[in-house]
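These notes concern the structure reproduced below.
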There are 2 protein chains.
Amino acid sequence: MDKPITVLLYEDNRDLREGISFLLQATPGIVLAAACPHVNNLKADLAAYTPDVVLTDIGMPGMTGLEALPIIKATNPNIQVLMLTVFDDDERIFQAIRGGASGYLLKNTPPAEIIQAVFDVFRGGSPMTSSVARKVLQHFQQPAKVSSSEQLLSAREQDILKGLMKGYSYKLIADELHISIDTVRTHIRNVYEKLQVNSKTEAILKAMKDGFLG
Amino acid sequence: MDKPITVLLYEDNRDLREGISFLLQATPGIVLAAACPHVNNLKADLAAYTPDVVLTDIGMPGMTGLEALPIIKATNPNIQVLMLTVFDDDERIFQAIRGGASGYLLKNTPPAEIIQAVFDVFRGGSPMTSSVARKVLQHFQQPAKVSSSEQLLSAREQDILKGLMKGYSYKLIADELHISIDTVRTHIRNVYEKLQVNSKTEAILKAMKDGFLG
DNA sequence: CACCAAACCGCATTTTCATGCGATTGTAGG
DNA sequence: CCTACAATCGCATGAAAATGCGGTTTGGTG
């Protein structure tokens, strides 16, 4: 470690706060700037301690960690924020991620891993409890298509749909595929019926949501 | 552990393969079904060993782990696939995730964590090396908006845009916002100008690409 | 062969969009 | 007070899209 990592901790539960504080203080390479039970003096705290890493609970009296997150990132985007919480619902997880959190640990994480996570975020990693990571990954995977029909759209219909998804007009699509605009109409009509929609926009949204198949 | 976890390992490097094999075999609760240097007999392997978890390298002679992934998931989606590789480029990571991988570890992961990861994926978690996780998270975060204008769209304009993004027609948007259809037109006109587009589709695509701001 | 689906084309009608021009409020700032 | 701007509404026109109905050709399959 060249320079110690300055950490700022927010956790309303006294025992947990003191426990984590103790650990952080006992760790070489980490300097605990402060440990607060609430995030209401956030801006002042950030200015006073200029932390490298903020470790924060989500559920706290007053402002929540989730609300604090954008403020922290607005103050200094280089601050790495690590959420440490009991909540593992999609809503909160994604709000945290969108808000720029760099890590998301559940409170059942062993202390040693919490410490490790602080080093990880500081080095540019994003430590995550594996159950949280699973939820994140699922948002990338194809929506399963559990009860979906194979090959709902014919090859040509997919070509047309791709055109729509590029924002092309009927005419442009016709040109690109070297077919007449009326043929494009016909195909689109069929696509709409198969996808159970009735406008370009709906078709595009549907196509994006569940990747080409109804 | 009620039932031991059956693991199938693919790794072309002999030392690594034997090292990991040894660890897996020595771990209570885990049964190593087989350890192969290549994935070319994949289907036969899967049929013969019916693994719960497949631990696989990406770079292997013959078929790569990335190519094997969809085959595994097609054979039995319940098989958890854990990628263990030296590659940490976005392309491979996302290909793995889209393909349904449940975890992604870099090869510098300590052996103990690899073992732990096997348990994690089996329990429905998604262990990831933190640097990999960071790359994943970044795809959820707003595209930085480094040189982007603040608050390009007014609140009302964003309301209208959200309506478009839900696939609503002007009339529906007007109804939902309790304003006239002509007002909707006006707002949309302004949105188009600000986003530098000239159709619903383009506006939606642009809005989705860089989250509301041009 | 007869049949069917997919791809191709055309035309007509209605609806929705895109856009130009104009106008009234209310609120924030200089 | 004047100015700027967001938000609201109206009207009109031409272009694009949605929809209904018709057709031909081609490549498979029973």
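Sequence lines set the chain letters: A, B, ... in the order given, protein chains first and strands last, and positions in each chain run from 1.
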Check the distance between D:dC21's C1' and A:N190's CG and give it to me in whole angstrom.
14 Å
Taking all non-hydrogen atoms of both residues, which atom of A:M128 and which atom of B:A133 are closest, and how far apart?
CE-CB, 3.4 Å
Using a 4.0 Å heavy-atom cut-off across all strands, classify B:K171 as base, sugar-phosphate, or nothing.
nothing
Just one of B:I72, B:N78, B:I71 clears the side-chain contact (heavy atoms from CB on, under 4.5 Å) bar with B:T75, so which one?
B:I71
Verify the contact: side-chain N or O of B:H187 to OP1 or OP2 of D:dA6, cut-off strictly under 4.0 Å; return yes or no.
no
Under 3.5 Å, N/O pairs linking protein and nucleotides 9-12 of chain D:
from: D:dC9; atom 1: OP2; to: B:S180; atom 2: N; distance (Å): 2.6
from: D:dC9; atom 1: OP2; to: B:T183; atom 2: OG1; distance (Å): 3.0
from: D:dC9; atom 1: O5'; to: B:T183; atom 2: OG1; distance (Å): 3.3
from: D:dC9; atom 1: N4; to: B:T186; atom 2: OG1; distance (Å): 2.9
from: D:dC11; atom 1: N4; to: B:D182; atom 2: OD1; distance (Å): 3.4

Judged by nearest nucleotide, the residue sitting upstream toward the 5' end of DNA chain D, B:I160 or A:S199, is B:I160
Do you know which of A:D57, A:T64, A:N40, A:D45 makes side-chain hydrogen bond (donor to acceptor under 3.5 Å, both in side chains) with A:Y10?
A:D45
Checking the side chain of B:S102 only, and the main-chain atoms of B:S126 only, is there a donor and an acceptor separated by less than 3.5 Å?
no
A:E202/A:K206 ion pair, N-O < 4.0 Å:
no
Determine: side-chain N/O of B:Y192 to OP1/OP2 of C:dA18, distance under 4.0 Å, yes or no.
yes
Salt bridge or not between B:E176 and B:K162? Use side-chain N to carboxylate O under 4.0 Å.
no
If you check every side-chain atom of A:E157, which of C:dA18, D:dT19, C:dA7 has the closest atom?
C:dA7
